[in-house]
There are 2 protein chains.
Amino acid sequence: MTMQPHIPACGNCPIRHNAVCAECDADELAVLERAKSYRQVPAGTSLASAGEPLHYLSSIVTGSATMSRTLEDGRRQMVGLLLPSDFIGRPGRSASAYDVVALSDVTLCRFERRTFERLVRETPHIATRLLTMTLDELDAARDWTVVLGRMTARERLAAFLVSLARRRARSGAGAGRALTLQLPLSREAMADHLGLTIETTSRQVTALRKDGLIETPSLREIRIPDLERLALEAGDDADGGILS
Amino acid sequence: MTMQPHIPACGNCPIRHNAVCAECDADELAVLERAKSYRQVPAGTSLASAGEPLHYLSSIVTGSATMSRTLEDGRRQMVGLLLPSDFIGRPGRSASAYDVVALSDVTLCRFERRTFERLVRETPHIATRLLTMTLDELDAARDWTVVLGRMTARERLAAFLVSLARRRARSGAGAGRALTLQLPLSREAMADHLGLTIETTSRQVTALRKDGLIETPSLREIRIPDLERLALEAGDDADGGILS
DNA sequence: GGCCGGCATTGATGCAGATCAATCCCGCCG
DNA sequence: CGGCGGGATTGATCTGCATCAATGCCGGCC
């Protein structure tokens with residue numbers, strides 16, 4: 001519901017990823033510069049496991065990842081889709097609460113956890129910025145709770161596509177009514193996010209296509225001719241309702 | 001998954017509610033003392049409406065409230081059950097994202113929003129404390145996402161009762177294997193939280209009772225003879241799995 | 001005490017989505 | 001070019017929960 005504040009490029013980081021230093025002054029930036037390091041990992045790499053200690057906090061520079069939990073009997077639920085500028089790990093928590101797995105090749109900008117926690121203590125701006133980010137994540141998580149608790153399969157898919165489209169629009173990529181999404185996830189990952197099976201997910205994609213709400217140029221692409229019309233399918237009322 | 005840090009009584013507030021000043025020094029406490037005021041409201045009062053500006057941030061001293069969203073067609077999903085020490089409103093957000101309604105008579109400890117935001121900026125401890133609280137809420141919201149996305153009606157009810165029991169245990173009330181919960185909500189509110197209908201919720205209460213997992217001395221009380229056994233029903237593996 | 005109204009329970013039936021089971025599609029590699 | 005393999009789609013059937021409809025319970029009030 002709230003716009004992400006503008007996140008400037010920071011030092012030599014690629015644009016828009018270094019979400020922790022929006023208002024830092026030059027000295028603070030220099031400290032962050034010294035503390036960070038980069039890491040590249042291939043698709044499929046586990047970046048964190050539920051319950052395991054996590055020694056680095058990182059933000060995603062390029063690529064995407066899932067954050068999910070798997071129950072003992074194999075049922076899996078994704079709790080977050082991580083895209084560039086999203087954060088992995090929480091200051092003050094030594095263990096990850098969820099499994100994080102790279103969906104594609106990923107570039108991370110990392111901070112050693114202890115160092116980062118010291119920076120947070122010593123730099124009020126960072127704490128405030130982290131609070132804002134965390135509140136955004138909290139809104140997103142609660143909004144998704146409504147989707148999973150009360151929406152039909154069709155509505156869930158529409159809500160997901162709309163939120164993905166809006167997230168993309170927000171981070172650059174000119175808006176306009178029509179747009180083509182590059183899906184960062186497989187049907188299985190989508191199903192895990194939507195709380196559905198692969199089969200139901202696939203059927204709903206087909207259904208939305210037959211109804212002219214989306215087009216599917218390829219498996220990993222979805223073209224949305226009219227975002228507002230799709231948003232209506234997600235139970236989104238005219239003036240910007242549920243979906244951040 | 002993480003214990004709430006110890007929250008000391010603060011000034012003349014009743015114990016355990018004033019969640020924002022865990023490590024403040026005397027001066028900071030004095031500032032908070034001056035900034036806060038109390039308010040009592042009867043059951044059913046609306047404390048915030050989705051999209052409406054919220055002029056006060058408050059923490060619950062006594063009583064309980066729901067935080068929920070209602071879709072245009074009437075479907076409702078609760079995104080949070082607010083108990084003593086829980087916080088209403090977010091610093092930096094002028095509008096509430098959800099409806100908040102008092103379930104019982106409620107005592108609030110309030111801070112005027114602008115004042116509070118200034119305190120946050122000027123008092124690093126408060127920002128850090130708020131970040132910790134928000135991270136806890138984020139964990140809880142994501143955990144509930146798993147419940148709503150992948151669990152059966154029976155598992156959802158068990159998960160809810162276990163989380164309620166653990167929350168109560170954490171805030172005082174001696175643990176032990178057996179305990180009696182005072183339910184702060186009606187069957188309808190429970191259903192809204194669980195993402196089910198009233199009827200299904202009621203049937204599952206009956207089912208757990210018939211299976212000896214719970215007893216129901218009265219409509220608003222549930223006795224749990226063996227919390228661990230109930231936790232098993234929620235898909236909680238032995239060593240503390242999902243439920244915070 | 002008896003009636004009323006709101007919440008809770010229980011029963012009968014319907015349907016959305018899960019499950020089980022074939023294909024289909026397409027990139028890859030011999 | 002043809003065969004292989006993994007993801008995606010489509011179809012047939014099953015089932016857990018929603019829906020519709022009584023009925024039960026209890027506290028308040030005349």
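Just so it is clear, the model here is predicted, and its values are computed rather than measured. So that the names make sense, note that chain A is the first sequence line, chain B the second, and so on, each numbered from 1. These numbers come from the heavy atoms of this one structure, side chains and all, not from hydrogens, waters or symmetry mates.
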Whole-Å distance separating the [atom1] atom of [X] from the [atom2] atom of [N]:
X	N	atom1	atom2	answer
E188(B)	dA18(D)	CD	P	14 Å
R76(A)	dA18(C)	CZ	C1'	17 Å
D192(A)	dG7(D)	CG	P	13 Å
R75(A)	dG17(C)	CZ	P	18 Å
Q204(B)	dT10(C)	CD	P	12 Å
D73(A)	dA18(C)	CG	C1'	14 Å
L157(A)	dA16(C)	CG	C1'	15 Å
R220(B)	dG27(D)	CZ	P	13 Å

Item to check | Contact state string [nucleotides 10-16 of chain D, B base, S sugar-phosphate only, - no protein heavy atom under 4.0 Å] | outcome: BBB----

Checklist entry - When you measure from the side chain of W144(A) to the backbone N and O of F160(A), does any donor-acceptor pair fall under 3.5 Å? => result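 Judged by distance alone, no pair lies under 3.5 Å.
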
Check side-chain hydrogen bond (donor to acceptor under 3.5 Å, both in side chains) between [X] and all other residues, then give those that pass, not counting sequence neighbours.
X	result
R223(A)	E215(A)
R75(B)	E155(A), D73(B)
E188(B)	none
R156(B)	none

Close N or O pairs between protein and nucleotides 24-29 of chain C (under 3.5 Å):
none

Checklist entry - Does the side chain of Y98(A) pick up a donor-acceptor pair with the side chain of D139(B) at under 3.5 Å? => result no

Throw together a table of side-chain donor-acceptor distances under 3.5 angstrom for residues 196-203 of chain B, partners on residues two or more places apart or in other chains.
unit_1, atom_1, unit_2, atom_2, d
T197(B), OG1, T200(B), N, 3.2
T197(B), OG1, T200(B), OG1, 3.1
T201(B), OG1, T197(B), O, 2.8

Checklist entry - Quick one: salt bridge (Lys or Arg N to Asp or Glu O under 4.0 Å) partners of R76(B), sequence neighbours excluded? => result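 If we apply the salt bridge (Lys or Arg N to Asp or Glu O under 4.0 Å) test to R76(B), skipping adjacent residues, the hits are D192(B).
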
Next on the checklist: Taking salt bridge (Lys or Arg N to Asp or Glu O under 4.0 Å) as the definition, give me every residue that meets it alongside D211(B), ordered by chain and number, with sequence neighbours left out.
Outcome noted: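 For D211(B), the residues satisfying salt bridge (Lys or Arg N to Asp or Glu O under 4.0 Å) (neighbours in sequence not counted) are R154(B).
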
Next on the checklist: Pick the closest DNA chain D nucleotide for R187(A) and for L196(B) by heavy atoms, then say which residue is nearer the 5' end.
Outcome noted: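 So the residue in question is R187(A).
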
Next on the checklist: Check this one for me: any side-chain N or O of S186(B) less than 4.0 Å away from OP1 or OP2 of dC7(C)?
Outcome noted: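 Checking S186(B) against dC7(C): no side-chain N or O falls below 4.0 Å of OP1 or OP2.
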
